[in-house]
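In listed order, ligands and their atoms are each counted from 1. In this chain, residues are counted from 1 in sequence order.
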Amino acid sequence: MLDTLRRTIQEVNRAPDLPRALSIIVTRVKQAMAVDVCSAYLVDEENQQYVLMATDGYRATAIGAVRLDFGQGLVGEVARREEPLNLENAADHPAYVLSRKTGEEPFHGFLGVPIIQHRKVLGVLVVRHRDQRRFAEQEETFLFTLAAQLAGAISHASASGEITRLLQDTGQSSYALKGRSGTPGATVGHAYVVYPLANLDAIPDRAVADVDSEISEFHTAVAGVERDMRMMSARMVDSLAAEDIALFDALILMLRSENLVDGTIEKIRAGNWAPGALRDTLREHVAAFEDMEDAYLRERAGDIRDLGRRILERLHSFQPGAREYPKDTILVGEEVSASQLAEVPVTQLVGVVSARGSSASHVAIIARALGVPAVMGVDDLPVSRLDGQELVVDGYQSRLFVRPSADIRKEFARLQREEEELTHELLDLIELPSQTLDGVHVPLYANTGLLTDITPSLRSGAEGVGLYRTEVPFLIRDRFPGEEEQRRTYRQVLEAFAPAPVTVRTLDIGGDKMLSYFPVVEENPFLGWRGIRISLDHPEIFLTQLRAVFRAAAGLNNLRLLLPMISSVGEIDAALGLIRRAYDEVLEEGEAVDYPQIGVMIEIPSAVFQVQAMARRVDFFSVGSNDLTQYLLAVDRNNSQVADLYDALHPSVLRAIHKVIQEAHAADRPVSVCGEMAGDPAAALLLIGMGVDSLSMNAASLLRVKWAVRTFSQAQLQELLEEVQTLEEPAAVRALMHDHLERAGLGGLVRAGR
Ligand code: PEP
Ligand code: MG
């Protein structure tokens, strides 16, 4: 037991958070003492209750649900007396109360020890035995020592506010979490947790309706993995040494081990679904292996994780379509991806919440395009406990409310009303030209990606499409779409806007836009194989897309082509060669299509300095301020840790764009801006001051920007730009612009800006 004690203490000290520390303790104690249940209760000062926070043996659904008022029950008795209570038959004690939520009827033996730090009772650790028996003194001291150990972790968590959040999370009360950035809008809905299979920790808890079928699916999954392992082993037998082959046998043995299978089944019976139950069993096993003295055995922790992922993958194959998205889905995850978002029927998606990422992540951009508020970078998001919960997403303040109170809902209903009123007032602008007070016309185009955003874009009065992100239709499929499939998709967009221009950007996958069926694993994906680099390395993919685009444009002739992620002119030359080839083929096949205008995205710093050389090769430029900002400032647009540093109003970003506009104009080439800054009224005004020729943005921002455009003269904006150019900090630029917007009576737009 001493050895177990030492190892458990080490593990607890290493646990990343309190729930995991508690879960390690209850599991280890149950194993070491060979008892039927071990549970940990914590004090909830606010509600004057003891709350069951971890258990191995009681139903999982009891966690957070079992709450005893101070002084109530045997737990209350232990806390009141501040000393252990060791009973042969719990029910004989006058303080005993039966809690049906735990499913505890058959238990008799009881041993409870208080968890005390600095004379304060923080909780109670309890073990139970099915039989009537008193616990030995040695068992009492074992539990006592662990409780003392736990006290340190609990008081640390209490000081950092972790306990308060945990208790709130298990209770019924509302609480708020803060993200690092967001997209405008506020909404109420229900959480739908998504997770990548590779991340075991991101799997949510879910109550299971049919325990037996869940167990049988688990058995089938394990059997399937065992079959895979045998096949792999047979395939490798000639090419691997005998001791390496033995590794497969060891894995198969592990798969069959009672601990892995029975441990999981026990947890399913306790109410959790198979993936959640497996996640907990794997955690215990991995921790046990990681703690071993022997280095070889320690490394086996990785094998267990791998086995776990294989089982999960199989379990997952039972799931697709099994669970329906709520009609007010708020997509929640550790790192929600653009493809996970694209899988939700748009009419059912009302919000997005992600522990990682920022407002410049693609998932946030697509959310914004759909008018769906998002909160990004919520560091302490309790993902595994949010599934199905009611949430309020406040994208303006980057806040999230779990189980909102009536007051909070009322407040957000008011905010939504105000937004609607503003939107309603702006509708009068649809028919009016996007023109400054001194008559300069600045066309406002829409950014699209999903077919579903065509209608809002048309309704917003967009004068065309300035950026059609063709990777979005690729993201929502589970294989590359064929030429005809692509043609039909592109045709819908081109036709919907004809004769207005539609700028089709060729495939820009990579970075944070990964296709599930074309995985690319890189240390540094934003500096890796992305955009045009992939298209040039895979001419078959590029040519198929180009042929589809040309065929889609036949007879309409409103197509413009845009090349993403250009870092040097060689890429343009290579791309132009392939474009010409695809065009000639389509022409030969008899399609009536004009050769389109071709443009380059300026989104990599090297391109800023080669505008003149590029202008000799292409017809127009479009500034991708999202990437240009990330690459100029060395701030990963997807990293919530540095989201505060990401700002397109940084003086260097503004100066770079100004330079691009000046040099392009010197070469007689027009410049558009299609990154998110174009939809921020403050930034849009500065761009007009620089002389930008057009702006392209999500439909939801279009009328707001038009309102701003129509309120100033270009001469005023040039002056404003000069004033801004004297400033040295992004915050100062934003403050000055907001001040000007307020003074011009456009205060309503400030909230929508970042
Ligand atoms: C950009 O980088 O600004 C841009 C418009 O492209 P994306 O956001 O799709 O990378
Ligand atoms: Mg880009």
Which segment of [X] sits under 4.0 Å of ligand 1 when only heavy atoms are counted:
| X | value |
| --- | --- |
| M565 | neither |
| I365 | side chain |
| M697 | neither |
| L467 | side chain |

Ion pair present between [X] and [Y], side-chain N to carboxylate O less than 4.0 angstrom?
| X | Y | value |
| --- | --- | --- |
| R488 | E484 | yes |
| E522 | R530 | no |
| D644 | R180 | no |

Closest approach of any protein heavy atom to atom 7 (P) of ligand 1, naming residue and atom: H362 NE2, 3.1 Å
Which protein non-hydrogen atom lies closest to atom 6 (O) of ligand 1, naming both residue and atom, and how far is it? R505 NH1, 2.8 Å
Do R560's NZ or CZ and the ring of Y468 fall within the cation-pi criteria of under 6.0 Å and 45°? no
Number the atoms of ligand 1 from 1 as they appear, then name those within less than 4.0 Å of a heavy atom of C674, with their elements. 5 (C)
In ligand 1, the atoms that come under 4.0 Å of a heavy atom of G624 are 1 (C), 2 (O), 3 (O)
May I ask you to list the protein N, O or S atoms found at less than 2.8 Å from the Mg ion (ligand 2)? E603 OE1, D627 OD2
So, regarding D627 and ligand 1 (criterion: nitrogen or oxygen to nitrogen or oxygen, under 3.5 Å), is there a contact or not? yes
Does ligand 1 have an atom under 4.0 Å from some heavy atom of [X]?
| X | value |
| --- | --- |
| M601 | yes |
| E676 | no |
| R637 | yes |

Cut-off 3.5 Å, side chains only: do S567 and E571 have a donor facing an acceptor? yes
Without hydrogens or angle criteria, can the side chains of Q716 and H740 be said to hold a donor-acceptor pair below 3.5 Å? no
What's the separation between atom CG in D693 and atom CG in L687, rounded to the nearest 0.5 Å? 11.5 Å
Hey, do the aromatic rings of H538 and F480 have their centres closer than 6.0 Å? no
Over 60° means perpendicular and under 30° means parallel, so tell me whether Y325 and Y192 are parallel, tilted or perpendicular. tilted
Salt bridge (charged side-chain N to carboxylate O under 4.0 Å, His left out) contacts in which one or both residues fall within residues 597-617, not counting sequence neighbours: D573-R617
Got more than 12 heavy atoms from elsewhere within 6.0 Å of CZ, R399? yes
